[in-house]
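Each residue takes its place number in the sequence, starting with 1. Remember, it's 1-based here, ligands and their atoms both numbered in the order they're listed. Computed from heavy atoms alone, side chains included, the values below leave out hydrogens, waters and symmetry copies. No experiment lies behind these values; they were computed from the predicted model shown.
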Amino acid sequence: MAFETKRLVWIAALLGALFPRAEADCLAPNKTQTISVLPNFTPGVKWQIEIQHTIDVTKPLVPKDALVWDIDLYHVQRHPEIISYLRSNIKDVVILCYVNAGLAQTSDCDFETVWQSPAYKGLLGGTYPDQNYQGEFWVDIRNRTARDLIKERITLAQRLGCDGVDPDNIDAFEQKVNGQDVTGWNLTAADYVPFVHELAAHAHSLTTARGHTLLIGQKNAPTILASISAALDFAVLEDCADAAHAPHSRPFCAAFAGAYARAGKPVFSIAYTPSLGGSDTSAVWGKGRCLAAGASAAEFAAEAEAEAGDAWLGKLSSVLKLLGGDVELNGCTQYCGEGPGRDVVDTAVNGQLDMDVCKPVEGM
Ligand SMILES: *[C@@H]1O[C@H](CO)[C@@H](O)[C@H](O)[C@H]1NC(C)=O
Ligand SMILES: *[C@@H]1O[C@H](CO)[C@@H](O)[C@H](O)[C@H]1NC(C)=O
Ligand SMILES: *[C@@H]1O[C@H](CO)[C@@H](O)[C@H](O)[C@H]1NC(C)=O
């Protein structure tokens, strides 16, 4: 199609990962796959992420100049009109659907029907230690059945009209408390590499409603960056400049800029900044409230500094968001490019819609 560009991704590592070494040696050398990407899906593209609550399609959309939107897959299944709302407001919008690739959570449309059913219940493991996330259960992604169920979520994204998927939680190996596994599965980085390659091959086998390849990104997981980035189309990072986030690989913004932005792939970066408004830790502002004045000069400067240094870091698509389990990734966003005290938007949402009935999807 006229608005597409083509890019090649290496799928060799997939072959090596899926088959035992002896068999991999017998396979044809590295193959490439053609991925068609919208031409404006490039490093530095403006984006918005709203996965906390359902976007309110009865309100005017802001910001209208964000070309990429990352929204929750199951908000879309409950309210498919979000897709047409975004498409009618923003020409050539690229819609990424957030897919939980590592855990099943009670709000997921497939939770009760699939994961909680007697046949699959055994796939549910431990939760995050954080009190805010007790309704999410790590799944054993080494298990073939679990992998197929996660791939069905990616297929659902394609059926619902998403342009790509943001697969969260591909790093159970980083979730340790006092060195002890909390996920229940003792999963390692080496377990996730073939898993992500399998998800990527599946996404790339699907064609979107708009006729291009379903995109798939890397969410955090700096430990496995070098093993998976070539097979993926973008990255979404949380706290990449924050020393506390991934203790053994900090900070990791630059590593992703080098692997993705340098290859022409967008890197979407989220910095959680309590001073932007009513975070969990804020006693001053109402919880979830978005301050038009933006994050404090100090917090803004810290993020700006994290992105200074080299040209590729300067190509990150960065947003500041509120901090706290049930306010994070809501509509409140400050963009970094304009400088401190500026460019704060609050995308209208309606949290009362979040748990509405999950609509059946044709062909699923
Ligand atoms: C295939 O790709 C892998 C991973 O990128 C690389 O290590 C290997 O050298 C490549 N093999 C060939 C024959 O190009
Ligand atoms: C994968 O999980 C399913 C569902 O719990 C179970 O029936 C099956 O035995 C598991 N497979 C392996 C290889 O453990
Ligand atoms: C995980 O590792 C711990 C410590 O080695 C062990 O006690 C536990 O049984 C393991 N769990 C699984 C599911 O393999």
Are any protein N/O atoms closer than 3.5 Å to the N/O atoms of ligand 3? If there are, list each pair with names and the distance to one decimal place.
residue: ligand 3; atom: 2 (O); partner: N186; partner atom: OD1; Å: 3.3
residue: ligand 3; atom: 2 (O); partner: N186; partner atom: ND2; Å: 2.3
residue: ligand 3; atom: 11 (N); partner: N186; partner atom: ND2; Å: 2.9
residue: ligand 3; atom: 14 (O); partner: N186; partner atom: ND2; Å: 3.2

message = Show me which atoms of ligand 2 lie under 4.0 Å from any heavy atom of A119.
response = 4 (C), 5 (O)
Least distance between heavy atoms, [X] atom then [Y] atom:
X    : Y    : answer
F41  : L215 : CE2-CD1, 3.7 Å
A146 : D140 : CB-O, 3.3 Å
L316 : S269 : CD1-CB, 4.2 Å

Parallel, tilted or perpendicular: ring planes of F234 versus F268, cut at 30 and 60 degrees = perpendicular
query = Parallel, tilted or perpendicular: which describes the rings of F195 and Y192, with under 30° parallel and over 60° perpendicular?
reply = perpendicular
message = Please list all pairs meeting ring-ring contact (aromatic ring centres under 6.0 Å, His included) that have one or both residues in residues 114-134, counting only residues at least two apart or in different chains.
response = Y128-Y133, Y128-W138
task = Would you check whether N143 has a nitrogen or oxygen atom less than 3.5 angstrom from a nitrogen or oxygen atom of ligand 2?
result = yes
request  = May I ask you to decide whether R78 forms a salt bridge with D356, counting only side-chain N to carboxylate O separations under 4.0 Å?
outcome  = no
